[in-house]
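The first residue of the sequence shown is numbered 1, and numbering continues consecutively from there.
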Amino acid sequence: MEGLSVVVEDLASLVRILVGFFLARLHDCASVAPFVFQHFAMCRRPLLPAGYDVSAHRTYSERERGSKSLSSPLGPPACDKDSKALLFIEEMTRKADAVQERVLGEILLRNAKTEYLRRFQLNGATDRDTFKSKIPVVSYEDLLPDIQRIANGDRSSIFSAHPISEFLTSSATSAGESKLMPTIHEELDRRQLLYSLLMPVMNLYVSGLDKGKGLYFLFVKAETKTPGGLLARPVLTSYYKSEHFKTRPYDPYNVYTSPNEAILCADSFQSMYTQMLCGLLMREEVLRVGAVFASGLLRAIRFLQLHWQQLAHDISAGALNPKITDPALRDCMSKIIVKPNPELSKFITQECSGENWEGIITRIWPNTKYLDVIVTGAMAQYIPTLEYYGGGLPLSCTMYASSECYFGLNLKPMSNPSEVSYTIMPNMCYCEFLPHEPDAPAVSRDSPPPLVDLADVEVGKQYELIITTYAGLCRYRVGDILQVTDFYNSAPQFRFIRRKNVLLSIDSDKTDEAELQKAGDNASALLQEFNTSVVEYTSYADAKSIPGHYVIYWELLVKEPANPPTHEVLNLCCLAMEESLNSVYRQIRVADNSIGPLEIRVVKNGTFEELMDYAISRGASINQYKVPRVCVLMLIMSAL
């Protein structure tokens with residue numbers, strides 16, 4: 001397999017491909033600037049039981065001891081509030097199966113008279129065996145007709161006995177439409193419950209977090225409404241706009257630099273600008289820096305690179321940029337920017353005006369203890385860039401959640417990203433697991449597969465997550481592939497592997513996201529001698545050429561501009577990627593010649609940033625934005 005050097009003639013092709021995919025896939029502001037390629041080379045909380053109060057909770061053993069302080073097997077808590085949260089985790093995980101049985105019973109009892117459960121003649125049964133024998137395993141497409149009825153105004157009890165309060169938008173369907181996940185108001189209580197467990201766990205590993213603030217880049221998206229008048233918005237927008245978030249009680253361990261007005265501003269520029277400005281003004285108080293996804297934090301760093309001069313000017317003048325026009329935001333910021341600070345402005349200018357941005361986070365926010373971002377799954381490829389800007393700060397992944405439900409948390413949040421495992425909290429929903437076997441026949445409603453209960457999964461095996469929620473989803477395929485790594489008490493711990501069925505394919509070959517990531521990692525290792533790393537990438541299967549071939553788009557961070565990777569090295573990167581792919585690919589590629597040489601196309605710095613801006617301007621959520629790693633060209637073209 002040899003690499004081929006070619007010239008990228010059709011500049012608009014990447015724009016069409018990526019933007020099309022964004023519009024088709026993103027669930028969750030800015031016209032597109034010209035894209036220029038650099039042609040190096042191409043190769044070829046159920047809710048707690050009634051009366052159950054975590055803040056007042058004492059276990060039987062605690063009451064028996066008569067101790068004045070609470071303790072936890074997880075470690076010494078930082079405060080009494082943390083003790084109670086940690087003991088709650090203990091109670092839920094010690095008898096995970098019993099909790100799961102109770103959760104399922106509660107869900108089925110409350111929703112017994114819903115149209116969906118009556119449709120399958122459950123007849124009020126609440127036991128597992130009857131449930132499993134009568135209720136099918138379903139995908140979003142199976143539920144879509146009922147979801148459309150709700151969206152169009154049907155307020156009957158279709159899925160849930162509780163009224164549907166809104167829709168949470170998730171990743172798109174094959175038709176390019178965002179998924180609409182029905183939810184109920186009390187789900188906010190469950191999300192808040194899981195959030196309340198994160199810092200008590202983190203405090204076991206990092207001390208003194210009550211002595212400063214967190215610089216978190218959090219954003220909302222302006223919601224839309226369905227024809228029936230229900231709100232449709234990303235899950236994080238729903239949470240940030242809820243009273244649970246806006247009127248949250250003061251917690252010294254969870255104070256943000258960003259005021260609510262900045263987070264809740266729908267204009268992404270104004271929101272990012274004021275959040276960054278607050279972070280700079282409070283730089284000495286910042287103890288942790290984060291965003292939802294790793295890509296969001298890198299976007300914030302890029303924003304600083306582009307706008308540090310305006311930010312420094314505001315700090316020097318003690319006045320807010322006139323581009324910030326939101327009245328509530330300007331009023332709020334007037335209480336934060338109270339006087340000129342030329343010394344801080346000079347410092348920012350000194351740090352940001354040079355070409356070397358290595359360790360910029362620790363240089364500007366010197367008291368930062370860790371970066372709080374998701375770096376598992378598709379976000380893993382951002383680790384080298386985060387390490388570069390973060391100066392080696394630990395990367396912490398704290399929780400596992402989706403639009404459908406919040407699932408669990410990382411009980412070892414300071415572990416290496418490659419070792420991150422999430423402990424499923426059995427009170428959040430009822431979980432089942434479909435053994436993931438690549439060669440197994442496809443799952444259908446007429447041939448229900450044998451699913452495994454939460455407490456019965458086996459260490460080392462991979463499973464697809466199936467959930468039944470209080471909001472009415474029954475045996476719903478989330479699409480996440482998880483691998484069991486261990487158990488905490490009787491609750492399993494999982495490593496997130498990937499989203500299901502994200503593939504590149506030209507012939508009978510099938511390349512998933514995890515495999516593509518691994519191949520890319522192997523190839524990018526060849527760039528190390530040039531002090532270069534891959535900042536961003538995506539790919540697609542080019543079926544227009546004969547034979548078709550894989551195309552990989554790389555954006556590089558060249559730390560020594562005078563010594564960029566050579567054309568020959570990039571050709572070797574292509575070869576390394578091909579040799580890292582599966583045997584079926586290599587057989588078809590070499591022996592059958594049914595796949596053409598893999599291409600790597602290096603794009604101009606900022607290309608992916610501009611594409612994201614365009615996607616956001618078309619309605620994508622900045623919080624839930626993720627660059628698609630692999631895409632199917634037919635899907636993209638059908639969305640254009």
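Residues passing the side-chain hydrogen bond (donor to acceptor under 3.5 Å, both in side chains) test with Asn416 are Ser418, sequence neighbours excluded. With sequence neighbours left out, Thr468 forms a side-chain hydrogen bond (donor to acceptor under 3.5 Å, both in side chains) with no residue at all. A search for side-chain contact (heavy atoms from CB on, under 4.5 Å) contacts involving Asn563 returns Phe530, Glu560, not counting sequence neighbours. Take Val375 and apply the side-chain contact (heavy atoms from CB on, under 4.5 Å) test, not counting sequence neighbours, and it matches Ala294, Val373, Ile383, Leu386, Leu395, Cys397, Pro417. Remark: Tyr422 engages Thr376 in a side-chain hydrogen bond (donor to acceptor under 3.5 Å, both in side chains) (not counting sequence neighbours). Residues passing the side-chain contact (heavy atoms from CB on, under 4.5 Å) test with Thr423 are Thr93, Leu411, Tyr488, Ala491, Gln493, sequence neighbours excluded. By the ring pair (Phe, Tyr, Trp, His ring centres under 6.0 Å) test, Tyr240 is found to be paired with Phe245, residues two or more places apart in sequence or in another chain being considered. For Thr224, there are no side-chain hydrogen bond (donor to acceptor under 3.5 Å, both in side chains) partners at least two apart in sequence or on another chain. The side-chain contact (heavy atoms from CB on, under 4.5 Å) check on Leu572 picks up Leu526, with sequence neighbours excluded. Scored by the ring pair (Phe, Tyr, Trp, His ring centres under 6.0 Å) test, Phe494 finds Phe433 as partners (sequence neighbours excluded).
Contact check on Asp146 versus Arg119 returns a salt bridge, with a Lys/Arg side-chain nitrogen under 4.0 Å from an Asp/Glu carboxylate oxygen. The pair Glu515-Lys518 does not meet the salt-bridge criterion, since no charged nitrogen lies less than 4.0 angstrom from a carboxylate oxygen. Between Asp613 and Arg299, at least one side-chain N (NZ, or NE/NH1/NH2) sits under 4.0 Å from a carboxylate O, which counts as a salt bridge. A salt bridge links Asp453 and Lys132; the closest N-O separation between the charged side-chain nitrogens and carboxylate oxygens is under 4.0 Å. Ionic pairing of Arg477 and Glu464 is present here: one or more N-O contacts between side-chain nitrogen and carboxylate oxygen are shorter than 4.0 angstrom.
Scanning all heavy atoms of the two residues, the minimum distance from Ala523 to Met577 falls at CB-CG, 3.3 Å. The minimum heavy-atom distance between His549 and Gly596, with the atom names listed, is CB-O, 3.4 Å. Residues Val457 and Leu454 share a closest heavy-atom pair of CG2-O, 3.4 Å. Pairing each heavy atom of Lys221 with each of Thr237, the nearest pair is N-OG1, 3.0 Å. Counting all heavy atoms, side chain and backbone alike, Tyr406 lies closest to Ala401 at CD1-CB, 3.4 Å. Between Leu371 and Gly390, the closest heavy-atom pair is CD1-CA, 4.3 Å.
Remark: side-chain polar atoms of Asp456 are not paired, donor with acceptor, to backbone N or O of Val452 under 3.5 angstrom. In terms of modelled atom types and a separation under 3.5 Å, the side chain of Asp142 and the main chain of Ser139 share a donor-acceptor contact. Between the side chain of Glu578 and the backbone N or O of Arg586 there is no donor-acceptor pair closer than 3.5 Å. In this structure, the side chain of Ser580 does not engage the main chain of Asn522 through any donor-acceptor pair within 3.5 Å. Not a single donor-acceptor pair under 3.5 Å links the side chain of Arg475 to the backbone N or O of Val138. Counting only distance, with no hydrogens or angles, the side chain of Gln483 and the backbone of Gly460 share a donor-acceptor pair below 3.5 Å.
Asp486 contributes atom CG, which lies 10.5 Å from atom CZ of Arg495 (distance to the nearest 0.5 angstrom). Taking CZ of Arg302 as the reference point, atom OG of Ser295 lies at 15.0 Å (rounded to 0.5 Å). Taken to the nearest 0.5 Å, the CG atom of Leu304 stands 9.5 Å off from the CD1 atom of Ile361. Between the CD1 atom in Ile135 and the CZ atom in Phe120 there is a gap of 6.0 Å [rounded to 0.5 Å]. Considering CZ of Arg233 and CG of Leu180, their distance stands at 13.5 Å, rounded to 0.5 Å. For the atom pair CE (Met181) and OG (Ser403), the distance works out to 8.0 Å, reported to the nearest 0.5 Å.
With a 4.5 Å cut-off on side-chain heavy atoms, Phe608 and Val603 count as touching. Side-chain atoms of Leu482 and Tyr463, non-hydrogen and from C-beta on, never get closer than 4.5 Å to each other. Under the 4.5 Å side-chain criterion, counting only non-hydrogen atoms from C-beta, Tyr430 is not in contact with Ile467. Side chains of Val534 and Leu527 form a contact here, defined as non-hydrogen atoms less than 4.5 Å apart. Under the 4.5 Å side-chain criterion, counting only non-hydrogen atoms from C-beta, Pro564 is not in contact with Thr532. At least one side-chain heavy atom of Tyr476 sits under 4.5 Å from a side-chain heavy atom of Tyr140. Residues Leu218 and Leu236 have side chains not in contact (no heavy-atom distance under 4.5 Å, counting atoms from C-beta outward). Looking at Glu387 and Tyr382, their side chains never come closer than 4.5 Å, going by heavy atoms from C-beta outward.
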Where do Tyr553 and Thr607 land on the side chain to side chain contact (heavy atoms under 4.5 Å, CB included) test, with the steps shown first? CA-CA 10 Å; Tyr553 293 93; Thr607 294; over 6 Å; no
Could you go step by step and tell me if Thr183 and Glu166 meet the side chain to side chain donor-acceptor pair (under 3.5 Å) rule? CA-CA 6 Å; Thr183 190; Glu166 62 182 320; over 6 Å; no
Assess the residue pair Tyr216 and Val289 against the criterion (side chain to side chain contact (heavy atoms under 4.5 Å, CB included)); give the C-alpha distance rounded to whole Å, side-chain angles, the decisive distance to 0.1 Å, and a yes or no. CA-CA 6 Å; Tyr216 282 81; Val289 176; over 6 Å; no
Side chain to side chain donor-acceptor pair (under 3.5 Å) evaluation trace for Gln517 with Tyr537: CA-CA 10 Å; Gln517 175 74 53; Tyr537 79 92; 3.1 Å; yes
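Using cut-offs of 30° and 60° on the angle between ring planes, the pair His307 and Phe303 is tilted.
Residue pairs meeting the side-chain hydrogen bond (donor to acceptor under 3.5 Å, both in side chains) criterion with at least one member in residues 388-402, sequence neighbours excluded: Tyr400-Asp480, Ser402-Glu404. For residues 527-541, the salt bridge (charged side-chain N to carboxylate O under 4.0 Å, His left out) pairs, not counting sequence neighbours, are Glu536-Arg629.
Checked against Trp554 for a side chain to side chain contact (heavy atoms under 4.5 Å, CB included), the options Ser539, Ser533, Cys573, Pro565 give a single hit: Cys573.
Other residues, nucleotides and ligands place more than 12 heavy atoms under 6.0 Å from the NZ atom of Lys559.
The aromatic ring centroids of Tyr550 and Tyr585 lie less than 6.0 Å from each other.
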